[in-house]
Amino acid sequence: MSREKEVLLSVKHLKKYFNVGRGSVLKAVDDVSFDIYKGETLGMVGESGCGKTTCGRVCIGLYGKTDGQVLYRGKDVHAITGKDRHAFKKDVQMVFQDPYGSLDPRMTVAEIIAEGLDIHHIAKTTHDRQERIYELLELVGLNREHANRFVHEFSGGQRQRIGIARALAVDPEFLVLDEPISALDVSIQAQVVNLLIDLQNRMGLTYLFVAHDLSMVKHISDRVAVLYLGSLVELTTSEELYSHPMHPYTQALLSAIPIPDPDVEQARDEGKIRLEGQVPSPIDPPPGCKFQGRCRYATERCRQEAPALREYGSGHFAACHRCAEEQG
Amino acid sequence: MNDVKNILEVKHLRVSFHTYAGEVKAVRDVSFSLQPGSALAIVGESGCGKSVTAKSVMGLVKKPQGEVKEGSEILYNGENILQYTPKQWQHYKGGECAIIFQDALAALNPTMRVGKQIMENLMGHKHMGRAEAQKEAVEMLRLVGIPEPEKRVRQYPHQFSGGMRQRVMIAIAFACDPKILICDEPTTALDVTIQGQILDIIKRLMKKNNTSVIMITHDLGVVANIAQEIAVMYSGIIVERGACRDVFYRPRHPYTWALLQSVPRLDLENKQVLASIPGTPPDLLNPPVGCPFSTRCQYCMPVCKNRMPENTDFGGGHSAACWLHHPMAPKVDMPDRKGDV
């Protein structure tokens, strides 16, 4: 099924280490591989500090890589130069988490949106440029009158819409959404998520949706990748992930999310898997499975040897020795 | 309702802040009550006045910018705390009523060891000696699940992780066995797995000491997990209140109803369009004359824009302030959500 789909972005054994001084290395992304197909939404979840934002940024070349490869339509993102690079920057855009920090307070909304248009020479005449700005504002649910205002005049949800309009200005096909809704209120979150889904349907966009809110990720994503301390622990379709989580970490993570329904929530409260402790430091992690310190099934093998990502069933990947033993 | 039964009763609370732009009416006539040993959740979007309500109960609205208006009453065991003398305040704050803030790093004193911050409370309110307080501080840290408490009491807040800092806050709050604990978004800044741990601790200590909890949050999942009663706030007023199951399964205010539908659920099918609420909350500098939700409400009628709706009682403490429940209003099907689950 998935084989017929066109692979847009392919990440192969990607590593991104940060040097934190005194000979220590922070392994933010440690040997991660996945594909993103054209037109789909890949959700990326994990606790804070698990490397999900870093991974998104390396994928579109905002950060250099330490090792491995990121291929966008077969071309290495970190090696393309000249004209190809210019075209790549037009195809790939990003929406940032903080709608307050990611927009220049000294530029009007029109200037923010038109920056990309100017760089890529998309609008031929001044009239075209102006029309395009209006069109984009209306596309994301703002008004023409907003064009000449400054960012501080807008609320968080409106700012996030400006961020989305800026990303869409150059007509990209791949968007990295780095926690686009986590700074917003519940009722506004739904507005932005509906906008994102609507835009995807209309323009055939591909999303990498990075977030820590699993229920929202489930809602928007076709497939979900779960990261833990820089490693991919599970990757599958969102229905499969939520109905049959395989990795103990995914199971615990799903069980920890409170469901907004008192009867359901109080009934499952007893049976919840409770994770002890917290995420260990990604600086010089111990050998073996990264989750073994908090895992209830951890054995001697888990402490010695890091499990590899294996496929179980069609398109369901997990990295766990226990899954491997159970499934044979 | 019986006055003696409720540990806390807030009546017609109105709080304003004086700013350069004018008077911000953050809380406009809020009334609720709290029973011993139960948890009340105050739910709402940012800027709806839920934190200000809680801070007034704790006596933290600072003059001269902040002002608790004439006619407001906050009755703790039948006494109006707004008329407390400084001495009574001292006893009340920390001793009878404690608060946990969202941002533990900002709330803790960065220049003081955490042990001392717990001891301060014990020595001040329980009149313990230094050695005894020290021992008790270690015990408190152990109670909230901090490993190696003997070593940790001597550390500073920056040496703790986010979840651990929140535990220290809980330890300080529970040090003097308060009757009321106010949690102001205690888990918003934390990861889900840590959030679960913190909620478990709060629930355990609640049961152990028969403490009443006011939980302020916008996460409906947290509400479902912990609360017995819910008050839904919107732009400074409580639009709906009632027992947890009533509000979740039989919401009677369009805002509550929309709020419940705007969160995706893990245990239900995805890809359905989320019900979003168009527009943004009103500006509290010039709050609308009528129902504050009228600008965003799909059932808005002419009367909504002109007059504030009155509370309609549905029995069992469940009430909502909406004109739709007026006998002359058109009948609208309020969904019983139990059916579709």
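Order of the sequence lines fixes the chain letters, A, B, ..., with proteins taken first and strands second; residue numbering starts at 1 for each chain. Here the structure is a predicted model, which is why all the values come from computation and not from measurement.
Between chain B and the options A252(A), G156(A), S48(A), G157(A), the largest number of non-hydrogen pairs under 4.5 Å is found for S48(A). Listed options D200(B), L259(B), D219(B), V223(B) were ranked by heavy-atom pairs under 4.5 angstrom with chain A; first place goes to D200(B). Interface check for chain A: of the options R296(B), M164(B), H218(B), Q197(B), the most heavy-atom pairs under 4.5 Å are formed by Q197(B). Among P258(A), A256(A), S182(A), G46(A), the residue making the largest number of heavy-atom pairs under 4.5 Å with chain B is P258(A).
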CA sep, side-chain torsions, deciding dist, call: K203(B), D269(A), salt bridge (Lys or Arg N to Asp or Glu O under 4.0 Å): CA-CA 12 Å; K203(B) 275 193 283 188; D269(A) 202 35; 2.8 Å; yes

Applying side-chain contact (heavy atoms from CB on, under 4.5 Å) to I188(A) and E45(B), what does each step give before you reach the verdict? CA-CA 9 Å; I188(A) 313 293; E45(B) 292 175 79; 4.2 Å; yes

Might you work through the side-chain contact (heavy atoms from CB on, under 4.5 Å) test for D263(A) and Y249(B), ending with a clear yes or no? CA-CA 10 Å; D263(A) 282 358; Y249(B) 298 134; 3.0 Å; yes

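S155(A) touches chain B through its side chain: at least one heavy atom from C-beta onward sits under 4.5 Å away, while N, CA, C and O do not. Both the backbone and the side chain of V192(B) come within contact range of chain A, judged by heavy atoms closer than 4.5 Å. With a 4.5 angstrom heavy-atom cutoff, A258(B) does not touch chain A via any of its atoms.
The side-chain heavy atoms of E47(A) and L190(B), taken from C-beta on, include no pair separated by under 4.5 Å. Under the 4.5 Å side-chain criterion, counting only non-hydrogen atoms from C-beta, Q191(A) is not in contact with S262(B). Side-chain contact between R294(A) and T193(B): present, with at least one pair of heavy atoms (C-beta onward) separated by less than 4.5 Å.
Rounded to the nearest 0.5 Å, atoms CG (L220(B)) and CD (E265(A)) are 11.5 Å apart. Distance CG/N225(B) to CD1/I257(A): 12.5 Å, rounded to 0.5 Å.
Counting only residues at least two apart or in different chains, salt bridge (Lys or Arg N to Asp or Glu O under 4.0 Å) contacts with residues 193-210 of chain A comprise D198(A)-R202(A).
The nearest pair of heavy atoms linking V263(B) to P260(A) is CG2-CG, 4.1 Å. Residue P262(A) comes nearest to A224(B) through the heavy atom pair N-CB, 3.7 Å, listed as atom of the first residue, atom of the second, then distance.
Every side-chain contact (heavy atoms from CB on, under 4.5 Å) that Y297(A) has, sequence neighbours left out, goes to P248(A), Q251(A), C295(A), R322(A).
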